[in-house]
Amino acid sequence: MRLIVTEKNSSAKKIAEVLGAPAGGPKADKTYKVPFYTWTNAEGREEMAIGLKGHVLGPAFPEGYSNWQKTDLHDLIDADLIKEPTDKNVVKAIKKMAKEADELVIATDFDREGELIGLEALEEMLDANPSLGTREDTAKGTLKILRARYSATTKEELLRAFDNLDYLSYPLANAGAARQDIDLLWGATLTRAVSLSTRRFGSNFLSVGRVQSPTLGLIVEREMERRAHVAKPFWELFAKFEHPDGTFQTHHTVDKFWEKAEADKALAGTSGPGVVKAVTARKNTRRPPTPFNTTAFTTDASSRLGITPASAMRIAEDLYMDGFISYPRTDNTVYPSSLPVRELIRSLTNVKEFSAASGLNDLAELKPTRGKKETTDHPPIYPTQAIHPGALEGPKKRVYELVVRRFLATFSPPMITESTRADIEAGSETYFVRGSVVVDPGYAGIYTYARSADEEIPALQEGQELQLAAVPEFRADDEPDANPWIVGKETQPPSRISQGKLIELMEERGLGTKATRADIIQKLFDRGYVYGNPPIPTETGIALYEAFKKYVPRMATPEMTADIEAEMDRIAQGEMTKGKVVGDSRELLHKTWTEIDEKKEDLAKVVWKGMDEDRILGPCKVCEEAGRTKEDGSPNMLRIIRAKKSGKRFVGCSGWKADAEPDDPKSCDQTFPLPQRGDVFRLEERCSICDRTPRLKVQPFRGRPWNLCLNDDCESMQEMKKRRAEREAAKKAKEEMDAKPQPKGDEDAPPKAKAKKGAKKTKVSKADTATRGVKRAKAGTKS
DNA sequence: GCAAGGTC
């Protein structure tokens, strides 16, 4: 029997369908819950295809290294790594199948990780059936094992791959294995180092890694730029002119006046009527977008649909499993020639929602755009099936539509816009107005997200005279909004990096892969290094990154990834061995650890300072009003405190003195309850609505984040209170209904009992926002 | 309880 092993079930199924077609199709079955497919080929030989679930084995530390406190990190660095199965059922299944096989074809994905996954599976199968070869052979790389390399699971491409079988590349697989070992050794060693030195144990540990730390760095560096930003005031000058079509606004040709006096001078020089000096029109051609790879898909889902990369990938995974779109993890931006694009376009444009692109069916030749990256892993993301988007629900519908519209757009003509600019001289000053009109929407007709709204301006001719709509006037500086002529503004700090942009930056710097970038960002949230959307770094996150930038810059920058990539290439080319590369890396890691071991107290102090700052929510209004301050004269601060006895968290004032009498005027007894579950962080030091207490954002473990003003009387909380009361009333009503059909005769005893229970419940649900559960202990330490 | 990389 010839056994074909793929990286995932969907590929095994496709291969079985294509190769098994002459025999009337494959038979599907399962073993150890793993699906497999069998058929008989043209020569009467039995064939079987089975899909793995990604990696079969992963590197791990052997026994004896699991206690963080008791393991010397130099020993950890020298540990002989073992390989652990990632899914026992998959291993059992392929071992069982291998026993019946007399030939193997590795048909995992056509990329480096695919080669490694193939080797992992091979090692397990040789264990089960040594007649196929031995582990020693694979270690030496002397065993020739067939390899199918395909870059799309289309019939044409699969037949081509199986007619041109190649051999497994051990050097390529070993390159991937070296990366695994280095990532684990560095990640585990330094994660333990920083967690131990800051005494953050258990689920509270602090982590660092080759990809996560530089990614955090991108966010922190931008935050530092924002903090360093000094707002600079400037003034913009506007003038309104009369026109038969209506008055319209123009902007002074000086973009920004940095001195108010200059703007005033320009305004004083402005007088009517204005004379149109020049009218220029320009045609702009915008090329249709390139095919979707994972990065472009996630950034578009983020910017056009407002769906975070992590959810976009989850939704795409669902759509892929349902057979509506192709494999969503791909680097490729060029459609392979084997895609049946004409048929696809025909069926897609038959769906009413996508009929705007039906013109494509009349084209003699379909010429899609091409992106910069052409890879062998998978095709770009495209719709594999036409369905009515209305048949899908919620975000799935919008994501499917996005993929369809993008696909159709890549075959569509460019968008043509015409922009017009007119310069108008008014006195000694010149003003201008610009408009833009879509002449031919082209691809934007189907890729509707890209279409810009027309900004029309009145028809203007050179030499035309226009009256000013109002007489230039000066107003007091303290009412800038009241003056239609001069608008005072100030320069803004660079904006925070959106999650979509972050994915793009990661790709640019080679950080992570198409399959991991969204997960890495999620990890930064889970560790409490960032919060909010766009992600804002916590003080802990900032401190940790800054500490690593100082002490282990290799880990805090993309440098390590770049080095590893270069080394992997050399292993794949046969210029270096995995053993040498990992050995050298271990040596460097010993050196690195020795260096930070000496400075770990400094590192811990930096991180602790950040953690402390994250607990501080804002100044205490009560102390402020009572004139109480800290010894140094700075305000007493409200901060998150964890009660020693109960483990519950609450907000207390730094002005509280443990030994004070209950009504000692020198001590502040202000406290506020906090939700016990979910992550809490500061939204405002002082609520902008009530101006009394800090305002927080609560991110529950699951579900939508909500805002909480600590001041219960704050107007911002009234709506929430109202809704809470409504919920309780509804609940109570329901309970009373439930209580009604109780056995008669027994007076009102049972209903009473129920009602009592109900009342109690109500209280608990009220506490939903205040005190409940202590499960997520970690959550309390953030702000 | 560690990383990053696959896939579900």
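The sequence lines fix the lettering, A, B, ..., with proteins before strands; numbering per chain opens at 1.
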Atom CG of A/Leu185 and atom P of B/dA3 are separated, to the nearest Å, by 13 Å
A/Leu52 atom CG is separated from B/dC8 atom P, nearest whole Å, by 10 Å
Proximity to the side chain of [X] - top-ranked nucleotide from [options]:
{"X": "A/Ile520", "options": "B/dG6, B/dG1, B/dA4", "answer": "B/dA4"}
{"X": "A/Tyr327", "options": "B/dC2, B/dA3, B/dT7", "answer": "B/dT7"}
{"X": "A/Asp519", "options": "B/dG5, B/dA3, B/dT7", "answer": "B/dT7"}
{"X": "A/Asn9", "options": "B/dG5, B/dC8, B/dA3", "answer": "B/dC8"}
{"X": "A/Glu7", "options": "B/dT7, B/dG5, B/dC8", "answer": "B/dT7"}
{"X": "A/Thr86", "options": "B/dC2, B/dG6, B/dA3", "answer": "B/dG6"}
{"X": "A/Trp68", "options": "B/dG6, B/dA3, B/dG1", "answer": "B/dG1"}
{"X": "A/Phe201", "options": "B/dG1, B/dG6, B/dA3", "answer": "B/dG1"}

Indicate, with a heavy-atom threshold strictly under 4.0 Å, whether [X] touches base, sugar-phosphate, or nothing.
{"X": "A/Trp186", "answer": "nothing"}
{"X": "A/Val208", "answer": "sugar-phosphate"}
{"X": "A/Asp87", "answer": "nothing"}
{"X": "A/Ser66", "answer": "base"}
{"X": "A/Gly114", "answer": "nothing"}

[X] side-chain N/O to [N] phosphate OP1/OP2 under 4.0 Å:
{"X": "A/Arg210", "N": "B/dG5", "result": "yes"}
{"X": "A/Lys8", "N": "B/dT7", "result": "yes"}
{"X": "A/Thr513", "N": "B/dG6", "result": "yes"}
{"X": "A/Ser207", "N": "B/dA3", "result": "yes"}
{"X": "A/Gln212", "N": "B/dA4", "result": "yes"}
{"X": "A/Thr516", "N": "B/dG5", "result": "yes"}
{"X": "A/Arg329", "N": "B/dG6", "result": "no"}
{"X": "A/Lys523", "N": "B/dA4", "result": "yes"}

Nearest heavy-atom contact between A/Arg147 and A/Leu168 is CB-N, 3.6 Å
Is the closest basic N to carboxylate O distance between A/Arg398 and A/Glu393 below 4.0 Å?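 No, A/Arg398 and A/Glu393 are not salt-bridged.
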Please tell me whether [X] and [Y] have a donor and an acceptor in their side chains that are separated by less than 3.5 angstrom.
{"X": "A/Tyr400", "Y": "A/Asp318", "answer": "no"}
{"X": "A/Tyr545", "Y": "A/Glu221", "answer": "yes"}
{"X": "A/Thr294", "Y": "A/Arg329", "answer": "no"}

_Residues A/Met125, A/Val5; criterion side chain to side chain contact (heavy atoms under 4.5 Å, CB included); working and verdict_ = CA-CA 10 Å; A/Met125 292 188 291; A/Val5 180; 3.8 Å; yes
Quick one: on DNA chain B, does A/Gly510 or A/Glu317 contact a more 5' nucleotide (nearest heavy atom)?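 The residue whose closest nucleotide sits nearer the 5' end is A/Gly510.
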